[in-house]
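Worksheet: one structure, shown below.
Only a predicted model underlies this, so the values are computations on that prediction, with no experimental measurement involved. Note on naming: letters A, B, ... go to the chains in the order of the sequence lines (proteins, then strands), and numbering restarts at 1 for each one.
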Protein chains: 2
Amino acid sequence: MQREINGRPVIETARGPVLTPCAPGSVLARLGDKWTILVVSMLALSPDTPMRFGAIRRGIPDISQRMLTLTLRSLERDGLVARHYYPEVPPRVEYELTARGRSMLDPLAAFTGWIRDTWQDIEASRKEFDDVERSGTSAN
Amino acid sequence: MQREINGRPVIETARGPVLTPCAPGSVLARLGDKWTILVVSMLALSPDTPMRFGAIRRGIPDISQRMLTLTLRSLERDGLVARHYYPEVPPRVEYELTARGRSMLDPLAAFTGWIRDTWQDIEASRKEFDDVERSGTSAN
DNA sequence: CGGAATCCCCGATGATACTG
DNA sequence: CAGTATCATCGGGGATTCCG
């Protein structure tokens with residue numbers, strides 16, 4: 001039978017297991033980029049009413065207009081976000097998570113919950129690692 | 001009280017919610033990079049016995065020696081992977097997940113499981129989106 | 001207001017060669 | 001075998017400007 005880990009088929013060979021490169025990687029790469037999780041988080045805060053572009057932007061202090069536009073476009077392309085355009089003057093554009101987008105929230109929360117519970121330990125390990133590295137290279 | 005989403009504190013303002021930029025982002029960014037999940041997956045395949053550098057490398061067809069070294073170093077720095085160096089000739093180096101690293105597997109699997117169950121729908125949405133875009137820009 | 005277009009920079013990643 | 005050093009490349013993403 002076929003083993004699998006993290007959505008990836010595993011081929012057993014004489015020299016050991018080999019992971020199959022496959023499509024889920026491109027999904028993970030998109031969701032793991034600099035802004036996507038933050039944008040999804042903003043939309044998740046307002047599950048019942050769509051959010052305006054400007055409201056999302058104000059919720060993510062450091063995002064540029066360009067990157068918010070691109071991120072929302074990617075999410076829309078993936079069917080995770082719906083875009084509603086109202087051709088008024090000035091124009092109004094609203095976004096909301098689709099059913100598929102909402103279906104991601106619980107699994108995502110499981111993972112970000114682990115991060116929330118662990119990141120302080122990780123930070124401590126990083127500091128220790130960097131300190132040892134510095135003292136190890138003491139001659140410098 | 002303080003709301004929170006995906007590990008991120010939410011500040012309520014008159015103009016709407018604002019996400020707090022915070023450290024968990026750097027953890028998510030590291031784990032979401034091109035190779036980390038694959039390396040963790042390889043090590044997870046062998047929970048009881050450490051894996052040699054070369055075995056990990058063979059399991060991830062397209063990774064370069066350099067990127068595997070860098071990725072393992074980052075994971076070691078974060079306390080997620082332990083490195084064992086045996087100064088033989090030729091040298092042998094083995095890696096394994098730490099307890100902290102193993103504690104990540106279930107939450108991670110929750111998320112990658114969602115991807116595994118959803119990516120075909122996402123692929124379909126992408127294709128449709130791209131087709132509509134092409135026909136919409138029909139003049140070109 | 002929301003977004004497209006342009007320019008530009010830097011860091012992530014790959015290829016290659018060398019070392020203990 | 002595992003790791004480091006160096007160089008080249010490519011794309012993410014920021015700043016700015018113009019558009020409907």
Side-chain angles (χ1 to χ4, degrees), chain A residues 15-16 21 25-26 28-39 42-43 50-77 81-96 129 133 136-137 139-140, chain B residues 15-16 21 25-39 42-43 50-77 81-96 129 133-134 136-137 139-140:
Chain A
R15 309 205 64 186
S26 76
L28 189 62
R30 293 253 33 278
L31 267 38
D33 76 358
K34 191 171 178 182
W35 300 113
T36 298
I37 300 299
L38 291 175
V39 172
M42 279 303 293
L43 294 173
M51 282 186 91
R52 292 193 60 162
F53 182 93
I56 302 171
R57 185 173 182 187
R58 280 191 300 276
I60 307 175
D62 288 337
I63 198 170
S64 65
Q65 187 184 48
R66 168 190 156 84
M67 288 315 298
L68 180 53
T69 299
L70 291 177
T71 302
L72 285 166
R73 201 68 78 246
S74 293
L75 288 168
E76 187 193 358
R77 177 168 179 263
V81 160
R83 178 178 188 267
H84 307 283
Y85 176 70
Y86 303 93
E88 311 162 354
V89 201
R92 176 167 55 100
V93 183
E94 295 183 340
Y95 295 88
E96 63 182 338
F129 185 92
E133 185 187 51
T137 321
N140 301 331
Chain B
R15 309 205 62 185
S26 75
V27 175
L28 190 61
R30 294 255 32 280
L31 268 37
D33 77 358
K34 191 170 178 181
W35 300 112
T36 298
I37 299 298
L38 291 174
V39 172
M42 279 303 292
L43 294 173
M51 280 186 94
R52 295 192 59 161
F53 183 91
I56 302 171
R57 185 173 181 188
R58 282 191 298 277
I60 308 175
D62 288 337
I63 197 170
S64 65
Q65 187 184 49
R66 169 189 157 81
M67 288 316 296
L68 179 55
T69 299
L70 291 177
T71 302
L72 285 167
R73 201 69 77 247
S74 293
L75 287 168
E76 188 193 359
R77 179 170 178 262
V81 160
R83 177 178 187 268
H84 308 284
Y85 176 71
Y86 303 93
E88 310 161 356
V89 201
R92 175 166 56 101
V93 185
E94 295 181 342
Y95 295 88
E96 63 183 336
F129 186 92
E133 185 187 49
R134 228 189 311 281
T137 321
N140 300 330

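What separates CD of B/Glu94 from P of D/dG3 is a distance of 12 Å, to the nearest Å. A/Ile63 places its CD1 atom 12 Å from the P atom of D/dA15, with the value rounded to the nearest Å. Taking atom CG of residue A/Leu70 and atom P of nucleotide D/dA15, one finds them 14 Å apart after rounding to whole Å. In this entry the distance linking OH of B/Tyr86 with C1' of D/dG3 reads 18 Å, nearest Å. As rounded to whole Å, 17 Å separates atom P of D/dG12 from atom CG of A/Leu68.
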query: Which letter, B, S or -, goes with each nucleotide of nucleotides 1-7 of chain C from 5' to 3', with contact meaning a protein heavy atom under 4.0 Å?
result: BBBB-B-
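Proximity of B/Leu72 to B/Trp35: side-chain heavy atoms (C-beta onward) are nowhere separated by under 4.5 Å. For the pair A/Val39/A/Met42, no side-chain contact is recorded, criterion being any heavy-atom separation below 4.5 Å from C-beta on.
To the nearest 0.5 Å, atoms CZ (A/Arg52) and CZ (A/Arg57) are separated by 13.5 Å. Atom OG1 in A/Thr71 sits 12.5 Å away from atom CD in A/Glu76 (nearest 0.5 Å). Note that NZ of B/Lys34 and CD1 of B/Ile63 are 9.5 Å apart. Values are rounded to the nearest 0.5 Å.
The stretch residues 26-36 of chain B touches DNA chain C through B/Lys34, B/Trp35, each having a heavy atom under 4.0 angstrom from the strand.
In plain terms, the two heavy atoms of A/Leu43 and A/Tyr95 that are nearest each other are CD2-O, 3.7 Å.
Evaluation of the salt bridge (charged side-chain N to carboxylate O under 4.0 Å, His left out) rule for B/Glu96 yields no partner, not counting sequence neighbours.
B/Thr36 places no side-chain N or O within 3.5 Å of a backbone atom of B/Gly32 that could act as its donor or acceptor partner.
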